[in-house]
There are 2 protein chains.
Amino acid sequence: MKRERLEEVAEILDKRGKMTLEQLEEAFPDVSQMTLRRDLSQLEEDGRIIRIRGGAMSVKEVQKVSGEAYTKKTTINMDAKIVIAQKAATLIDEGTSIFIDGGTTAMYLSKEMPDIKCNIFTNGIAVAMELAQKKNVEITVVGGQLMKDNLSTSSPAAKEYFDNTNFEIAIVSALAFTPEHGFSCNSQTESDLLKQVFKKARHVYMMLDSSKIGKINPYTFAHLEDIDVLITDDVFPREYKALFEQNDIVVM
Amino acid sequence: MKRERLEEVAEILDKRGKMTLEQLEEAFPDVSQMTLRRDLSQLEEDGRIIRIRGGAMSVKEVQKVSGEAYTKKTTINMDAKIVIAQKAATLIDEGTSIFIDGGTTAMYLSKEMPDIKCNIFTNGIAVAMELAQKKNVEITVVGGQLMKDNLSTSSPAAKEYFDNTNFEIAIVSALAFTPEHGFSCNSQTESDLLKQVFKKARHVYMMLDSSKIGKINPYTFAHLEDIDVLITDDVFPREYKALFEQNDIVVM
DNA sequence: ATCTCCTTTGTTTAAAATTAACATTTGCAG
DNA sequence: CTGCAAATGTTAATTTTAAACAAAGGAGAT
């Protein structure tokens, strides 16, 4: 009972890097806060985690935080993104061929993903590194120039790149969405890449947390008719939900 | 005033590993607790320390504390590799176009590299992530299937990939070398990739620590005549050094 | 110099998190 | 079943933190 929970706590912390006590309580609804505190104490003694004010973080995360110039971006609407990523993770079936983009939501998705046999294509190198830990996942990285802000690559040669490639699903996210401008991002070449991906993908899943709504970015890469499923959080406005459903999009 | 104090706080924390706020107050008697708190906040944002309840600790300390629990790999001949990487780093000039492979030595190289304006092409995603921290370095990642053991990509499409690309220098390392079999690695596609790179590179630098000598791996990608400079450690056997020099290779 | 604006620092106070202490439950050997 | 010990829950006290505001410097402009 205790032993297992300790393992689970350590695992989830390894996955998410950093969690508040509140988040831990949500993850373990049937034990008290005090118990979780005691668990953290013990894990700390074992050197598996570091306890920080408000919660705890994994050792890996410490190294990451100190290693990179810590981008604040990772924490904007993080909870919503994790929920969305978890949902998306359940949609991945064994043996499928999938494209995943290089955004932060995709990063969470790759952490939450089950370790099943499948082929993943991605343009995010952080995503690729994360997935490399999964034994059964075949990974292919899309080459190209690296954008340092989001660690994703894109290349004008994307077209040829995907000539002989097909995806069952493409799971992507956008930086912005409005009904008029569709889904947009901030890089021309990334936009081109995604358009190319959509052509070769049987289904397109869009992960969109509600903070993106009403915003506009310079490059539109998809409109409502291009996507099949929308995965979002629970504060997603009702009128938008209706709008998506009118366009035959499944909203989760 | 503030700047210096921040430095001092970071230093003393690095030294002592872990301090409570009380201890910090003793160390800095002429500022208020709140100021120290604010300093810690800032250092935390910069990724230099980790704030814990009651005080703070240095990143080093975290690693030490957790060191026992976490297995450290990539230590095979690490010292030699670092020395080689440092040497190689000095050979990179501003404004050049360079290919770097995805091996562990290349990883150290990317850490040691100066942050100068240049174009780096690599097939190592760990290398790419490391380089992403350098503001002035333009990075292009070679796409392809990801090999999980060394986090490098390679693709049969390498040929087309490099059609319009040229390198001033290619800095690569091999997994094995013998005079008869040349430089070899353990992946067919990576071998192809490197051969392609050599065609487009003006100079080829080989980083080879002495542990690689006398070993054979399945795929030879270069012979003595293909390389221009050899960067190695100081226990490199004399007879091999002579051999290289006979082939007009500069040995460092 | 004097003034203004902005940053830094200090102080007080409210909020939050943590621990301690004690009560309750659970599992299990005898 | 009984009693003990480990695990967990609950509450209250303690400690730590952050927020808000006030004061003190510091740099540049006039």
Side-chain angles (χ1 to χ4, degrees), chain A residues 1-59 61-62 65-66 69-80 82, chain B residues 1-59 61-62 65-66 69:
Chain A
M1 194 138 263
K2 191 186 175 189
R3 186 112 250 131
E4 303 157 39
R5 196 188 49 240
L6 272 167
E7 273 318 304
E8 282 179 58
V9 171
E11 255 175 55
I12 195 170
L13 268 164
D14 248 12
K15 253 195 218 161
R16 305 234 189 132
K18 191 166 157 185
M19 287 177 86
T20 66
L21 226 86
E22 218 174 332
Q23 290 173 315
L24 277 169
E25 278 184 77
E26 279 171 34
F28 298 87
D30 30 337
V31 288
S32 74
Q33 202 194 49
M34 195 63 225
T35 300
L36 289 170
R37 283 183 187 288
R38 285 192 263 245
D39 286 355
L40 293 180
S41 281
Q42 208 161 330
L43 288 171
E44 184 179 41
E45 279 198 9
D46 298 346
R48 301 186 58 173
I49 63 161
I50 302 294
R51 231 134 68 96
I52 55 177
R53 178 175 163 95
M57 74 198 290
S58 71
V59 172
E61 183 71 9
V62 174
V65 166
S66 62
Y70 193 42
T71 50
K72 270 254 167 61
K73 210 173 179 182
T74 0
T75 42
I76 298 173
N77 228 8
M78 182 172 122
D79 291 342
I82 288 177
Chain B
M1 194 140 266
K2 190 187 175 190
R3 183 123 250 127
E4 304 155 39
R5 196 189 49 240
L6 270 165
E7 276 315 308
E8 283 180 57
V9 172
E11 258 175 53
I12 195 171
L13 267 165
D14 246 12
K15 250 192 232 159
R16 303 221 198 147
K18 193 167 162 185
M19 287 177 85
T20 66
L21 227 87
E22 217 176 334
Q23 290 173 311
L24 277 168
E25 277 184 79
E26 280 172 33
F28 297 87
D30 31 335
V31 288
S32 73
Q33 199 193 50
M34 195 62 225
T35 301
L36 289 170
R37 282 184 188 288
R38 288 193 263 243
D39 287 354
L40 293 180
S41 280
Q42 208 163 329
L43 289 171
E44 183 179 41
E45 277 201 10
D46 298 344
R48 300 186 57 174
I49 62 162
I50 301 294
R51 232 136 68 96
I52 54 178
R53 181 178 161 90
M57 75 198 291
S58 71
V59 172
E61 181 71 10
V62 175
V65 166
S66 65

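A, B, ... follow the sequence lines: proteins, then strands. Residue 1 opens every chain.
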Is B:Glu7 salt-bridged to B:Arg48, cutoff N-O under 4.0 Å?
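Yes, this pair counts.
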Is any NZ, NE, NH1 or NH2 atom of the basic residue among B:Arg37 and B:Glu25 found under 4.0 Å from an Asp or Glu carboxylate oxygen of the other?
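No, no charged N to carboxylate O under 4.0 Å.
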Is the phosphate of [N] approached by [X] (side-chain N or O, under 4.0 Å from OP1 or OP2)?
X       : N      : value
B:Ser32 : C:dG10 : yes
B:Arg51 : D:dA18 : yes
B:Arg5  : C:dT9  : yes
A:Arg53 : C:dA17 : no

Nearest-Å distance, [atom1] ([X]) to [atom2] ([N])?
X       : N      : atom1 : atom2 : answer
A:Glu25 : D:dT8  : CD    : C1'   : 14 Å
B:Asp39 : C:dG10 : CG    : P     : 10 Å
A:Glu44 : C:dT19 : CD    : P     : 9 Å
B:Arg37 : C:dA15 : CZ    : P     : 17 Å
A:Gln23 : C:dA17 : CD    : P     : 12 Å
A:Glu22 : C:dA16 : CD    : C1'   : 11 Å
A:Leu21 : C:dA15 : CG    : C1'   : 16 Å
B:Asp30 : C:dT8  : CG    : P     : 18 Å

Between the base of D:dG9 and the side chain of A:Arg38, is there a donor and acceptor pair under 3.5 angstrom?
yes
Considering heavy-atom distances to DNA chain C, does B:Val31 or A:Gln33 have its closest nucleotide positioned more toward the 5' end?
B:Val31
5'-most by nearest nucleotide on DNA chain C - A:Met34 or B:Met34
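Its nearest nucleotide being more 5', the pick is B:Met34.
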Got a donor-acceptor contact below 3.5 angstrom from the A:Gln23 side chain to the A:Thr20 backbone?
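Pair found, side chain donor or acceptor close to backbone of A:Thr20.
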Rounded to the nearest 0.5 Å, how far apart are CD1 of B:Ile12 and CZ of B:Arg5?
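These two atoms lie 13.0 Å from each other.
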Within this structure, what is the CG-CG distance for the pair A:Leu6 and A:Asp39, rounded to the nearest 0.5 Å?
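One finds 4.5 Å between CG of A:Leu6 and CG of A:Asp39.
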Heavy atoms under 4.0 Å, any strand shown: does A:Leu36 hit a base, just sugar-phosphate, or nothing?
nothing
